[in-house]
Structure formats: C-alpha cells, structure tokens
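Here, residue 1 is the first one in the sequence, and each next residue gets the next number. Since we're looking at a predicted model, the values are computed, not measured.
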Amino acid sequence: MLTAPVPIFLVVLLIILIAPIILNRLRIPHIIGLIVAGVIVGPYGINLLARDMSFEIFGQVGILYLMFLAGIEIDMYHLRKNLNKGVIFGLYTFLIPLIVGAFASHLLLGLGAMTALLMASMFAAHTLIAYPIVSRLGLTRTPSVIIAIAGTIFTVLGSLIVLAGVIGVYHQGEFQISGLLRLLGSLVLYCVVLSYIYPRLTRWFFKHWNDNVLQFIYVLAMMFLAAQLSAWIGIESVFGAFFAGIVLNRYIPAKSPLMGRIEFVGNAIFIPYFLIGVGMMINVGVVTKGWDTIYVAAIMSAIAMGCKWLAAFATQKTFGMKAADRSVMYQLSNAHTAVALAVVTIGYSFGLFNEVILNATVIMILVTCTVSSIGTSRAAQRLKVRALSEETPEEIFSKSQRKSHILIPVSNPLTAKELVDLALLMRGKREERGKVYALYVRNDNAPSSRSIARNSLDTAEQVAAGVDVKITPIERYDLNFVTGVTNTIAERDIDRVIIGLHRRTNVIDSFFGEKLGNLLRATNKMVVISRCFIPVNTMTRIVVVVPEKAQFETGFGQWVRALGNLSSQLGCRLIFCCYKETQRAIAAVLRNGRYAIRSEYRTMEQWDDFILLANRVLDDDLFVVVNARRGSVSHTADLDTLPGFLQRYFAKNNIIVLYPEQFGEQAEEITITDTMSADIISVSSPFWQRLTNYGNRLLNRLRRRDRSTRIDL
C-alpha cells in the first residue's frame with residue numbers, strides 16, 4: 001500500500017488520465033472508469049491506495065463541486081420557464097420512491113415501519129453523478145436536463161427531512177412537529193439571507209477586485225461558506241453548494257474566464273477524486289458472503305431504479321414530453337451516492353440497519369451509478385440528434401452563411417481585458433462564430449511603442465484563452481490608427497469592430513474624439529464603442545435606446561442578435577426604448593433566434609425622450625445607444641447632438657454607442673425579422689431634411705407642453 005503523498009497523487013492522476021482514454025474507445029462513459037478504478041486500487045481491490053483523509057476531503061469537495069457546477073451552469077431563464085415542471089418532477093421523484101419504497105421494503109424485506117421509511121428515503125434521493133456527461137454535450141440548457149436538476153433539490157431536501165424525522169422519533173420515542181417546523185423555518189431563513197447578501201457582496205467584490213485568482217478564490221469561499229451554513233442548520237451541505245451556484249449564477253457568465261477556471265478545476269481534480277473515492281468504498285467481496293446480501297441488493301436496486309423510472313414516466317405524461325426527455329430525466333435521477341451513504345451510515349450507527357443492508361447499499365450504489373452513467377450517455381446522444389433534426393430552415397440557412405469576424409483594436413493592457421470580455425459575450429452561436437482579432441496600430445518603431453503593443457496583445461490573448469477562444473494578435477505599422485484599422489477590416493473581412501471610448505484630455509476635446517469620428521466615416525461596418533466603469537458581469541440591466549426607422553438599416557439584425565447574446569450571457573433584463581414599429585421588428589429577430597432572455601419594451605415618442613432616462617438608468621446598468629451615420633435611413637438631425645447629451649447627462653454611466661452596419665452592398669434576406677433591410681438613401685436634400693426634422697420637433701413639443709413624458713424603467 002502506498003503511503004507517501006507523491007506516489008498517491010501520481011496514481012490518482014494516472015487514473016484520471018488513462019481511464020477516459022481507454023473507455024472512450026470502448027464507448028463507455030469515463031465516469032464508470034473512474035469508479036471501477038477506485039474499486040481496483042482501493043482497500044477492497046488490490047489495496048494499492050487507502051481511503052485516507054485525503055480521499056475523505058477531496059471526495060467531499062468533489063460532491064460539493066459537482067452540485068455547485070450544476071447550479072452555476074443552469075440557465076436561469078429556462079429554470080424560471082420550467083420551474084413548475086421541475087417542482088412536479090421533484091414531487092414525483094420524491095414521493096413515488098418514498099411511498100412505493102416504504103411498502104416494498106416492509107413487504108419484501110420484512111423491515112419495520114420506521115426502518116422501511118428510512119430506507120425509502122435512500123431510494124428517493126439521488127445524485128447528479130452523470131451531470132458531466134450532459135455538460136460536455138452542451139445540453140445543460142435543454143428543458144429535460146433543467147427539470148432534472150430542479151427536481152434534485154426537492155429530493156435531497158425531502159430525504160434529509162425524513163432522515164431527521166426518523167432519527168427524532170428514535171431518540172424521543174415520538175414524532176414532534178416542532179422539530180420539523182424549526183428545520184423548515186431555518187431553511188427558509190437560510191435561503192432568504194443568502195439570496196439577499198450573496199448578490200450584493202459578489203457585485204461589490206467583482207467591482208473592486210478584478211484579479212482572476214482572487215475572483216476564483218472568492219467564488220470557492222462562497223460555495224464552502226454556503227455549504228457549511230447549510231450543515232449548521234441541519235441540512236446536508238450539498239444543498240448549500242447547489243444553492244450557492246444558483247445565487248452566483250448571474251455573475252459568472254458561461255463565456256467568462258472565471259467560468260472556464262471553475263469548470264477546469266472541478267472536472268480535472270475534484271470531481272474525479274470524488275468518483276474514485278466512491279469506487280474505493282465498494283466492497284465487491286460482499287457478494288460472496290451469502291445470498292442474503294445479493295437478494296437485498298437486488299431488491300433495493302430494482303426498487304430504486306423502478307421508482308425513478310415511474311417518476312420520469314409520470315412527468316412525461318403530465319407535460320406531454322417525448323421519450324428522449326423521459327430517458328434523460330430518468331437516467332440523471334437514477335444514481336444514488338451521497339445521500340444514500342449518509343442515510344445508511346447514520347441508520348447503521350443507530351442500529352436501524354444491519355450489516356447486510358449496509359453491504360447491499362454499497363452494491364446498489366455501484367449498480368445505479370453504472371446504469372445512470374451509461375444510460376445518460378445514450379439518452380443525451382439521442383437528445384442531441386433530435387435537437388439537430390428539429391432545426392428550422394432559417395436556422396439551417398443561417399449556419400451556411402459567412403461567419404462573423406470580430407476586430408478588437410487595443411491601445412493599452414488596462415482596457416484590453418474589458419474589450420475582449422465584451423466582444424466574447426456578444427458573439428453568436430457556435431456555428432456563427434468566426435475569427436477574433438486583436439489589433440495594435442503604431443506609427444513609429446520606438447521600443448516603448450513595441451512594448452505597449454506586445455503587452456496589450458498578450459493581455460487580449462490571455463483573456464480569450466481563459467474561455468478556450470483563440471484570438472489572433474496583429475501588430476501593425478501604418479500611417480495612423482484609422483488607416484491601420486480600415487486596412488485590417490478590408491484584409492481580414494471584418495464584420496464587427498469593438499473599440500473603447502477615448503478619455504478626454506482637454507476641454508475642447510470632443511466626446512468621441514477625432515480617431516473614432518474618422519473611423520466611422522471610413523467604414524460602414526458595425527462599430528461598438530464601449531465605456532464601462534464596472535465589470536460587465538456585474539451589470540443588472542441593459543437599457544437600449546433605438547432611433548426611428550432603425551429596422552430598415554442593413555445591419556439591424558446583426559446588432560439585435562449581438563445584444564441578445566450579451567443579455568443571454570449576463571442573465572439580465574434587456575429593455576428596448578424605441579418606436580412601436582421598431583419594437584415589432586426587434587421582437588421578431590429575438591423570437592426567430594430563440595434567445596432565452598427577458599426582453600421588455602418601452603415606447604418612445606421623441607428621440608430626445610432618452611434624456612429623461614438620465615435619472616432612471618442606474619450605476620449598475622449598461623446604457624446602449626444605437627446611433628446612425630449621416631446619410632443613412634435612420635439618421636436625423638437629433639443624432640448630431642447625441643455626444644453632447646451623453647457627456648452632459650450620462651457622464652457617470654456605463655455606455656455603449658453602437659453604429660450598425662450601413663450602406664451595405666447586400667442586405668440580409670428580407671423576412672419578418674428584417675423588414676426592408678436594404679440600402680435606402682433619402683432623396684431629400686440635407687437642408688430640406690433638416691428643416692423638416694426641426695419642424696416636426698417643434699410641433700411635437702407644442703403638443704407635449706401640457707403633459708409630462710416619462711419612460712418608466
């Protein structure tokens with residue numbers, strides 16, 4: 001048996017490395033390989049490793065990490081949308097195993113009423129041990145997976161409450177409702193306190209500390225704090241870890257470097273350690289100790305898996321779901337590990353369970369984990385195939401279109417991270433993503449310029465690498481900044497430019513600055529100008545002001561989808577302040593793109609109504625203004641005064657000024673989503689157009705003199 005730390009850790013790493021490689025060729029989920037490897041090297045196998053404190057600690061961390069990832073990766077929009085189904089599935093998958101399991105244990109195993117109820121609580125609870133399988137296939141946002149995750153928390157809580165009740169009866173000789181009410185009250189208070197404190201504390205921390213390591217340590221500390229607080233009030237710590245993931249979900253976007261680090265550490269170390277530790281607890285030799293153990297294990301496994309299937313089947317029939325959805329819900333809820341071990345250990349220590357039941361529970365854990373892992377892999381693949389087959393002709397057509405390439409001009413390392421984060425959050429679906437370029441333009445060969453360029457581009461590459469995105473750095477020597485950017489746009493076929501707003505250096509300096517003004521005149525591509533005082537992931541709402549006739553611009557659908565992607569990643573509300581005609585077009589783009597976001601609309605009557613938002617847009621909001629170039633169909637004289645208004649009324653707000661693609665040679669396909677999205681150039685002369693605009697503004701202001709106009713956010 002190995003006792004030195006280095007050989008022990010080496011063996012564990014070799015198992016984590018080799019098991020997936022071998023089992024992937026055999027088309028067996030690697031989770032099974034880790035559990036089987038734990039059986040082989042554990043004390044009941046060749047006794048190479050002992051299940052010492054390292055496996056106790058890392059195993060406990062692994063199960064907490066697994067539940068935390070399930071909470072942090074869940075799509076909150078779909079969770080709210082499927083919450084009712086999740087509650088119903090939770091009731092089914094808890095009550096059916098509890099009732100059927102109690103009667104079956106009493107009739108088939110001859111257990112007493114309280115002992116049978118305690119055993120049934122093992123059948124009711126389950127562990128999302130196969131969750132990494134659906135996560136790797138990108139199915140965490142599908143309704144059936146979300147329903148299974150939502151139902152898990154009900155089963156864990158219900159089983160632990162039953163356990164507390166049975167132990168209370170064992171100690172006191174009778175059931176006392178006061179103890180149950182005290183536990184439920186503590187649970188409600190726990191959820192309320194964490195829901196109030198955690199978001200505010202997290203937003204404050206992320207605003208003040210932007211260091212990647214500190215943010216990662218903070219998230220882990222919050223997870224373990226929630227788990228420990230949960231244990232202190234008498235609820236299993238796995239609930240605290242899962243609830244912490246739900247609360248912190250909003251502040252850790254799926255495409256952020258922080259999320260990449262959390263997933264990497266969990267999937268590489270902690271979760272495999274937990275799975276190996278589960279295997280080390282399984283004593284295959286108990287099978288040879290007599291037919292009693294085999295009989296009890298067979299009965300327990302059949303009851304546990306049969307009841308979970310009935311619960312999934314009842315949910316499928318209740319909501320008219322398909323067979324693939326039922327299979328995913330069943331297999332995800334089929335594995336029994338953490339709660340089952342806690343229940344059988346406590347029951348055995350109090351003398352409620354004998355050694356036969358203890359050994360049979362270990363066999364049941366092995367059987368259910370094996371069936372769950374293999375079944376989840378097959379069901380998830382069928383669900384993936386079904387999702388691909390249900391794509392609409394519009395979605396298939398969009399995949400065949402040219403991918404969107406993004407250019408991020410960077411000027412210094414301090415602003416590079418903010419721009420790269422924003423660009424990656426605004427990217428489209430996987431099949432729509434093109435290349436991402438980071439550009440530094442210099443017009444001299446001074447060593448200081450080269451050093452700044454290298455540091456800026458290195459920072460951009462590191463941020464992108466944190467979310468497994470390859471960014472192409474470009475250091476360009478050119479006549480000036482605008483020439484370098486426009487030449488790169490032409491050479492790399494760029495569709496979108498993400499650039500930071502310059503800092504004013506003197507009183508007479510303009511809001512956009514000379515460089516941005518020249519760049520907007522030199523290119524017709526979509527340009528996103530950003531100025532954010534806080535990290536993007538701490539913003540609570542996105543408020544968008546859209547000019548009249550914006551739906552007729554060539555790049556209308558492009559910028560709507562970009563904001564839809566941003567809102568989806570941040571999990572925050574997207575509020576459009578626009579004219580009624582534009583509202584319908586925006587809603588059509590979001591509907592056809594199937595964006596899982598909360599979008600709202602506020603009607604504007606005049607373009608300068610957005611000034612009234614100055615007191616309504618909060619410091620934690622992102623204020624987006626859709627602008628237009630001169631001569632475009634949505635441009636009016638009002639937009640010429642926009643920089644002054646932004647500087648005067650929104651100087652302390654997080655702002656994005658977005659110029660959509662205009663004057664394009666070819667518009668998108670004309671559909672309900674982009675009505676008349678083509679090149680339309682006004683035939684009126686600039687003088688008459690400006691005169692007409694001022695006349696309309698004067699008339700409208702006279703009409704509104706006696707009433708107060710407000711856009712309520």
Side-chain angles (χ1 to χ4, degrees), residues 203 207 422 426 501 504 510-512 527-551 553 556 559-560 562-564 566-567 570-587 589-590 597-628 634-660 693 696-698 700-713:
R203 191 180 294 115
K207 285 180 182 178
L422 179 63
M426 297 180 74
L501 182 66
R504 298 182 67 184
S510 64
F511 181 76
F512 288 124
V527 178
V528 179
I529 306 170
S530 170
R531 185 198 66 190
C532 296
F533 298 108
I534 62 176
V536 181
N537 60 326
T538 62
M539 296 179 181
T540 56
R541 301 181 302 178
I542 302 176
V543 182
V544 188
V545 178
V546 187
E548 191 176 11
K549 300 179 182 180
Q551 68 271 27
E553 298 288 1
F556 172 73
W559 70 258
V560 173
L563 294 180
L566 180 61
S567 175
L570 298 180
C572 60
R573 282 190 297 162
L574 184 58
I575 305 174
F576 291 97
C577 303
C578 55
Y579 297 84
K580 290 185 177 180
E581 297 79 7
T582 310
Q583 290 179 12
R584 291 192 291 268
I586 294 174
V589 174
L590 297 177
I597 59 175
R598 293 174 293 164
S599 58
E600 302 175 7
Y601 301 90
R602 305 291 186 268
T603 302
M604 291 178 57
E605 296 182 4
Q606 286 290 330
W607 170 246
D608 52 5
D609 282 349
F610 82 89
I611 300 176
L612 303 173
L613 295 173
N615 295 326
R616 313 291 293 179
V617 177
L618 307 178
D619 293 339
D620 292 332
D621 293 341
L622 176 61
F623 187 50
V624 181
V625 181
V626 180
N627 209 330
S634 60
H635 181 270
T636 63
D638 296 328
L639 295 178
D640 294 334
T641 60
L642 176 63
F645 285 142
L646 293 178
Q647 181 61 34
R648 185 180 309 169
Y649 299 106
F650 300 94
K652 297 182 180 180
N653 295 101
N654 309 297
I655 293 178
I656 285 181
V657 181
L658 192 152
Y659 283 83
N693 289 331
N696 291 334
R697 289 177 60 188
L698 178 61
N700 286 323
R701 287 184 177 180
L702 290 174
R703 293 171 185 167
R704 295 161 53 201
R705 173 178 292 180
D706 298 329
R707 61 185 178 89
S708 175
T709 301
R710 246 176 121 176
I711 302 178
D712 188 11
L713 296 180

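E581 and Q551 get closest at one heavy-atom pair: CB-NE2, 3.7 Å. Considering every non-hydrogen atom in both N654 and I534, the closest pair reads OD1-N, 3.5 Å. Taking each heavy atom of P547 and S634 in turn, the nearest pair found is CB-O, 4.1 Å. Nearest heavy-atom pair, G564 versus L590, reported as atom, atom and distance to 0.1 Å: CA-CD2, 4.3 Å. For the residue pair K207 and P535, the shortest heavy atom distance occurs at CA-CD, 3.9 Å. Across every non-hydrogen atom of S567 and R573, the tightest pair is OG-C, 4.3 Å.
To the nearest 0.5 Å, atoms CG (N627) and CG (L658) are separated by 9.0 Å. With rounding to the nearest 0.5 Å, the separation of CD in Q583 from SG in C578 is 4.5 Å. From L639, atom CG reaches atom CZ of F645 across 11.0 Å, with rounding to the nearest 0.5 Å. Atom OH of Y649 sits about 12.5 Å away from atom CG of L613, to the nearest 0.5 Å. Atom CZ of R541 and atom CG of L570 lie 14.0 Å apart (nearest 0.5 Å).
For the side-chain hydrogen bond (donor to acceptor under 3.5 Å, both in side chains) test with T540, the passing option among D620, D619, D621 is D621; the others fail. Of the residues L566, I655, V543, the one that meets the side chain to side chain contact (heavy atoms under 4.5 Å, CB included) test with L622 is L566.
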CA sep, side-chain torsions, deciding dist, call: F650, V625, side chain to side chain contact (heavy atoms under 4.5 Å, CB included) | CA-CA 11 Å; F650 300 94; V625 181; over 6 Å; no

Which is it for L422 and I656 under the side chain to side chain contact (heavy atoms under 4.5 Å, CB included) test, yes or no, and what are the steps along the way?
-> CA-CA 10 Å; L422 179 63; I656 285 181; 3.8 Å; yes

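The backbone N or O of P660 lies less than 3.5 Å from no partner atom in the side chain of E553, so there is not a single donor-acceptor pair. Looking at R531, its side chain does come within 3.5 Å of a backbone N or O of N653 through a donor-acceptor pair.
For R598 and E600, the salt-bridge test fails: no basic side-chain N is under 4.0 Å from an acidic carboxylate O.
The shortest side-chain heavy-atom distance between I586 and F556 falls under the 4.5 Å cut-off. Residues T636 and K549 form no side-chain contact, since every pair of their non-hydrogen atoms from C-beta on lies 4.5 Å or further apart. Two residues are said to be in side-chain contact when any heavy atoms from C-beta on lie closer than 4.5 Å; D640 and H635 meet this criterion. Counting heavy atoms from C-beta outward, V528 and W559 have side chains that stay 4.5 Å or more apart. The shortest distance between side-chain heavy atoms of F576 and T582 does not fall below 4.5 Å.
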